[in-house]
Amino acid sequence: MDKLVVSTSAHIKDSDSIPRIMWGVNLALLPVLIAAVYFFGLYALGVVLSSVISAVITEAVIQKFLFKKPVTVSDGSAVTCGILLAFSIPPSVPLWLPAVGSFVSIAIAKQCFGGLGWNVFNPAMIGRAFLLICWPVEMTTWTSPLDGVTGASPLGILKEEGFSKVVEFFGNRTTMYTDLFIGNVRGSLGETSCLLLLVGACYLFYKKYISWHIPVSFLGTIALLSWMTGGDPLFAILSGGCILGAFFIATDMVTSPVTKTGQLIFGIGVGALVVLIRAKAGYPEGVCYAVLLMNTLTPLIDRYIKPKPFGVVKK
Amino acid sequence: MLKIFLNGIFKENPIFRLALALCPSLAVSNTAFNGLGMGLCLLFVITSSNVIISSVRNLIHPKIRIPAYLTIIAVLVTMVEAFLHAYVPALHKSLGIFIALMVVFAIVLARAEVFASKNTVWKSLMDGLGMGLGFALAMVLLGIIRELLGSGSVFGYNIMGQNFKPILIMLFSPGAFLLVGLLMGFFNWYERRFTKNL
Amino acid sequence: MIKDIIKIGINLMLICLVGGTILAATNFITAPKIEEVEKEAKLQAQLSVLLSATQFKEIKQGFFKGLNAKGETVGYVISCLAEGYSGAFWVMAGVNKEFKIVRINVLTNKETPGLGSKIEEDEFRNQFKGKCVESLEVVKTPTADKIQAITGATISSKAVTEAVKKGLVELKRIIQK
Amino acid sequence: MNLLTFKGGIHPKEEKFYTEDKVIREMPRPTKVVIPLRQHIGAPCELKVAKGDNVKTGQVIGNSPAYICANVHASISGKVVDIASMPHPILGHCLSVIIESAMEDKWVEVEHYRDWEHLTNEKLRMIIKEAGIVGLGGAAFPTHVKLSPPEDKPIDTVIVNGAECEPYLTSDQRIMIERAKDIIQGLRIIMKILSAKKAFIAGEINKPSALSLMAKASKGEKDIEVVPLKTKYPQGSEKQLIKAVLNREVPSGRLPLDVGVVVQNVGTALAIMEAVVLGKPLIDRTVTVTGLAVKEPQNFRVRIGTLFQDVIDACGGFDKEPGKIIMGGPMMGIAQKSTDVPVIKGTSGILVLPKKEVNLSHPRDCIRCGRCIEVCPMRLMPNMLGILVERAKFDEAKRYHLLDCIECGSCGYVCPSNRSLVHFIKLGKFKISKK
């Protein structure tokens, strides 16, 4: 009787919590991991494990010894970060590479900013950008699924030789779309299988961990802009990291705007930047940098896109 | 006197504590050699500008002190550039525009305004030496770390061996930016620990 | 008020006068030396691509004729501007009398260190030896008669090749006129 | 079916099954009551009795000449044994009159008016003020003040609030089922005072029998309409209710009467009827005693001043070890330190949560998921308010409309980081009011 809890309302709470959401996202990424192992072999599992283990250890060590705060690795956010990083790098990288990337993701992009909730940039994408700058050769060596032959990714062919060569590479348009959709193409570990990415995304929608605003505006903008610039909209969406980025990376709660309108703007911005980078910049793929660039605008969007409070009349 | 000298090296290190002169520290600290060269140039410029400005501080009309200081600094920098070009062309080539840019380095004008214009020649000399040396040491430190991680060597000598995959970002300004940030954090942390023990 | 202005004027004038004098003196000392250094550097650069020559004569801006000790033409040196990945840079190419490349040299480049900057390395440069205009084309696969791009730095490789090719074509036009 | 509602809000587990079928029973007269002199918003009452006095039920023991104030009455007859500062469910401590019960329940003489239609509005307001009636939904704002709108703001509509959107609570629902006719009569009195032309009785659709009984009771009365609302929290909040029923938006910082509406809780309507027609001052109220840790959850008619412990004992005591005792509902109620606090006019329920239902997990930093923004019925940004108050940036928080918050707790309910957003907002309001 003497131990009654006294706290401010509300006294009840729905069941969602940070660990539930983060582990939910991890669960949604599981089918993609299976696809990665199927297409790229057990080595892919090694890459993911190296990334995840490094992320978890980094977070735990920094929280415990540097900041002397409670260790929160069990909430799964470090694991999510590690998986996403591993999914966005080529399958044939040496195993130390994802580990270094995860270290940078967690140490610099996440903990330096104050930990989960305060990071301005998507940690996994910072890790990837770091790796791409530091080891460009390893980060742009793509191997074919199943047989492991290296060569250019579809987007690389598009950049260098034009769209007709891409179609030629796949055989015809139908096989191109099916291969891209199933994931039987060269590309990053977790980017290739649109089908299983969508399966995971459906789970996130079902759990309401993500809303439609960012994915739809992101993919819609890419399709629209590539159609307007004479490209193939379906190819633009299915190739590269678009699907992974739209459903799992750009939708990161911490680094995207909080309001729905803001999220629409964010998605449109990312989409437009992806098309711009693919068309005009040095890289064949631009999801990573597009997301990071829009991350910088998130605080601005949140500052100007606010809900109109109940009963407040616009002057 | 010694205190003024040491002040610039650690307690008010231009890069890590005052966060001044960040532009050159990001741009030309990519190798230890460049860092050292830049550091020595600045050491010369800031020391002589401090000495000259402090010795003429009572002659200059307060209304035009900034243009006057800038003229003095510009003369010194131009001299440095000319001599480097003539006698150390290699360094001149790798430092490039940043030698001329020393004119507008915040740290030089800041010390002139904050310190030299209010203190005696001797004190200003010490301050200039301390600040210059602090800057030079910081630049060499940055240069060593960046060269080691970015090219696997220090002062051109390969250290990391052939299998080392250089961390290329360290050769770019973003890498330097990260490094400066981390070192600043380290210095803050160190000072906080240090003062707590007192 | 007026007194102040005069005072400020004299003040500034004195500073500029003294500063100007010092700079003039500096210039007097260093200018010849700088000229010498620059000349030497240029000669070294030209020599590095056309060893058989001992002196060079400018035939047009950026195009030099290489002469040996006897005053015979042994080849040409072209300095060409390449549009690289992170800005323009100078490439110097030595050409023999048959308009085949002897050597090329990348002078000032800001290409990505460790990647685009590999255009400075011998492995890439040596490919140009003996090539004529027609074989100056970048491919991605190992090749004997063309130029193989550096992995991950196609743009830089292309920039060098294109620049040299352009210079070579121009040189031919000048000489054959 | 497209039911009326507002934008935002949440739908927590209703948990009404504990008590929704339990007929309201009169709780046995307690042996002792503690009646605080402050149970309403406004000026505190002045003491009108002395230690050792004998009082009768319904006797005024505290009143005040201030306008915004409600009289306090003795809720049982007996002897004033002490006047002291006692625990209070909202204020912590408050000067209270402690009455020990006599054998008999003797009432003071009361005047009552079956034919109240002939009374002047002034007289009716007077009766309501004398009876000490306050809003029984929980806010406890003196009702006579609410029924005296300024001349330049005519009231066209009265809404009787039977939404009872808080989980667990069923007292309003039971009143509507058992006293439908009386509520309509109370509403008639309100409409007469305000000369309102139209009245709505609004309730959430999860109480179909209450709504149909209200509809039956108001049959043939053309100006009274029963509106079913979507079951959604906080449907019972005044501003959200007006938005749902009339699609009128109360301007920020203003009152319902600015849009020509007065909202009264069903309990208040009943109390008005009892005061006018039966001459009974507000000495008791319906309280839902519920929660998993209570042995026999009940809807009780409880005398004001009865201690929580006595009420819980009347329900058979605790079934499990209590973890949290809340006055009111789980969303906006106030957690109590002990059971030594009395039932006051604003006590709509006593909710006892067992240990395992108490949320003890630690709050984390905001992860900017935006759920609080989605559910906020006032369309604020609770995440920003929380962070700004945490950093003591109260002026900035004010610019984010901190003062518009109705403290419904929806944001805290959905927050995956488990942040006490209402706590921060209450703190922010307090700090701003101090400035």
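Protein chains get the first letters and strands the later ones, always in sequence-line order, with residue 1 at the start of each.
- Ring-plane geometry between F99(C) and Y76(C) is classed as parallel, the angle between the planes falling under 30 degrees on a 0 to 90 degree scale with a further cut at 60.
- Every residue two or more places apart in sequence or in another chain was checked for a side-chain contact (heavy atoms from CB on, under 4.5 Å) with V114(B), and none qualifies.
- Between R125(C) and D122(C), at least one side-chain N (NZ, or NE/NH1/NH2) sits under 4.0 Å from a carboxylate O, which counts as a salt bridge.
- For the residue pair S48(C) / N105(C), a side-chain donor-acceptor distance below 3.5 Å is found, with atom types taken as modelled.
- Between I145(B) and L179(B) the shortest side-chain heavy-atom distance falls below 4.5 Å.
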Donor-acceptor pairs are to be reported for all side-chain atoms of residues 148-158 of chain B against protein atoms at under 3.5 Å, with residues two or more places apart or in another chain.
unit_1: S153(B); atom_1: OG; unit_2: E147(B); atom_2: OE2; d: 3.2
unit_1: N158(B); atom_1: OD1; unit_2: M160(B); atom_2: N; d: 3.3
unit_1: N158(B); atom_1: OD1; unit_2: G161(B); atom_2: N; d: 3.1

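- Side-chain atoms of F124(C) and V160(C), non-hydrogen and from C-beta on, do get closer than 4.5 Å to each other.
- Below 4.5 Å, heavy atoms of chain B meet heavy atoms from T26(C), I29(C), T30(C), all part of residues 24-31 of chain C.
- You'll find the side chain of R146(B) stays beyond 4.5 Å of the side chain of T31(B), heavy atoms only.
- We find that E113(B) and R65(B) are joined by a salt bridge, their nearest charged nitrogen and carboxylate oxygen being less than 4.0 Å apart.
- Of all residues spanning residues 47-63 of chain B, those with a heavy atom less than 4.5 Å away from chain C's heavy atoms are L59(B), I60(B), H61(B), K63(B), arranged by number.
- Contacts between E38(C) and chain B at a heavy-atom distance below 4.5 Å involve the side chain alone, from C-beta outward.
- Under the 4.5 Å side-chain criterion, counting only non-hydrogen atoms from C-beta, R173(C) is in contact with E170(C).
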